[in-house]
There are 2 protein chains.
Amino acid sequence: MARRDIEILERLKAQGHRLTPQRGMVLSAIAGLGGHVGVDQIFQRVREVYPYMDVATVYRTLQLLKRLHLVTEIVTGSGAQYELVRQETDRHHHMVCEQCGTTFDFPASYAESLRGELTRAFGFVAHLDHFTVSGLCAACAGKQGVSTGG
Amino acid sequence: MARRDIEILERLKAQGHRLTPQRGMVLSAIAGLGGHVGVDQIFQRVREVYPYMDVATVYRTLQLLKRLHLVTEIVTGSGAQYELVRQETDRHHHMVCEQCGTTFDFPASYAESLRGELTRAFGFVAHLDHFTVSGLCAACAGKQGVSTGG
DNA sequence: GTTAATGCAAACACTTTGCAGCCGC
DNA sequence: GCGGCTGCAAAGTGTTTGCATTAAC
């Protein structure tokens with residue numbers, strides 16, 4: 001298990017939660033798959049090493065990790081995706097391609113001015129952990145002949 | 001039926017689609033309810049005047065309207081929401097409060113610079129029709145004592 | 001030993017689909 | 001009349017829940 005996972009398990013324990021092998025396996029799966037992963041990907045991955053794993057446990061574990069802000073949830077049209085929360089210095093947001101479904105990252109800095117303006121103008125405190133822009137990625141936009149100017 | 005609805009029905013017809021009472025009722029319901037509405041709200045509203053209405057028809061109609069860019073879909077964690085596409089001059093995006101669930105609008109202009117930067121830096125063509133920021137609205141942030149500075 | 005977490009199955013909410021009959025064109 | 005649209009029912013997908021058993025503490 002990676003250093004990152006153990007660190008997270010320690011935080012679970014510190015908050016009074018039990019440190020079960022299943023939780024460890026879910027974390028390993030997310031870390032191993034890397035980036036943004038769906039529930040089923042995690043589930044299948046864990047099954048490879050522990051065939052008794054149940055989807056409900058995956059969901060429950062993800063809910064817990066989400067509640068503790070250890071993973072981030074990205075709600076797409078077809079099933080949520082999850083990823084490990086990164087270092088403060090590596091904050092980022094998401095661009096989801098409507099065509100091919102791929103999720104891309106962009107540095108949080110790009111959205112900071114928007115965030116500031118929304119707070120200033122409307123008093124709305126944006127949680128940019130859960131911030132997703134949909135559209136067309138460069139490849140798909142190219143295929144469709146979409147101008148990148150408008 | 002409102003002027004706006006008729007206008008939309010005419011566009012349906014112009015594109016070779018049939019102009020059925022059901023479609024008119026769905027449009028009336030969205031317009032009558034105003035703002036961002038869920039499928040079930042639309043369904044119930046139409047049922048009041050036409051008890052034979054089926055949810056499947058509501059879904060099919062919304063898919064059609066979405067495909068023709070006559071309504072906008074907002075994907076939230078629990079069921080999509082829809083609203084009539086507004087005039088070009090009235091484009092806007094959404095802020096959804098995680099606490100109270102209310103959806104607020106903000107003018108599209110606030111997001112234009114972000115949009116431009118994403119295209120410039122990543123070639124990603126953001127569809128800002130489907131653009132939603134989640135966070136805390138002014139009221140809920142106030143209750144929680146959240147600083148609007150960070 | 002307590003109590004939380006798991007595994008299993010069943011329920012749930014939301015959305016889609018197959019198909020016969022109907023109705024806008 | 002033709003073909004798209006509807007109503008109905010059934011299925012599909014993603015997620016949650018009740019409960020007895022298991023295992024972390």
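Each chain gets a letter, A, B and so on, in the order the sequences are listed, and its residues count up from 1. Computation of the quantities below employed the complete heavy-atom set of this structure, encompassing side-chain atoms and omitting hydrogens, waters and symmetry-equivalent molecules. Here the structure is a predicted model, which is why all the values come from computation and not from measurement.
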Tell me which nucleotide among [options] gets nearest to the side chain of [X].
| X | options | answer |
| --- | --- | --- |
| A:Pro21 | D:dT17, D:dA24, C:dC25 | D:dA24 |
| B:Gln63 | C:dG7, C:dT16, D:dG7 | C:dT16 |
| A:Asp54 | D:dG14, C:dG7, C:dC14 | C:dG7 |
| B:Thr57 | D:dT6, D:dA24, C:dT6 | D:dT6 |
| A:Thr20 | C:dC8, C:dA5, D:dT15 | C:dA5 |
| B:Arg23 | C:dG24, C:dT16, D:dC5 | D:dC5 |
| B:Arg18 | D:dC2, C:dA5, D:dT6 | D:dC2 |
| A:Leu19 | C:dT6, D:dA24, C:dT15 | D:dA24 |
| B:Lys13 | C:dC25, C:dT15, D:dC25 | C:dC25 |

Open item on the list: Counting C-beta onward and ignoring hydrogens, is there a side-chain heavy-atom pair between A:Leu68 and A:Ile8 closer than 4.5 Å?
Closed with: no

Open item on the list: Quick check: do B:Leu65 and B:Leu12 have side-chain heavy atoms less than 4.5 Å from each other?
Closed with: yes

TODO: Output yes when at least one side-chain N/O atom of A:His17 is less than 4.0 Å from OP1 or OP2 of C:dA5, else no.
DONE: yes

Need one value for [X]: base, sugar-phosphate or nothing, where a base atom within 4.0 Å counts as base even if backbone is also close, heavy atoms only.
| X | result |
| --- | --- |
| A:Val55 | nothing |
| A:Ala80 | sugar-phosphate |
| A:Tyr59 | base |

Open item on the list: Classify the ring geometry of B:Phe122 against A:Tyr110: parallel below 30°, tilted from 30° to 60°, perpendicular beyond 60°.
Closed with: tilted

- [ ] Let me know, please, whether A:Leu64 or A:Pro51 comes out on the 5' side of the other along DNA chain C by nearest nucleotide.
- [x] A:Leu64

Task: A:Arg23 backbone acceptor or donor facing A:Thr61 side chain under 3.5 Å - done: no

Open item on the list: Under 3.5 Å, is there any donor-acceptor pair linking the side chain of B:Arg60 to the base of D:dG4?
Closed with: no

Task: Steps toward salt bridge (charged side-chain N to carboxylate O under 4.0 Å, His left out) verdict (B:Glu48, B:Arg45) - done: CA-CA 5 Å; B:Glu48 289 173 15; B:Arg45 177 87 160 208; 5.3 Å; no

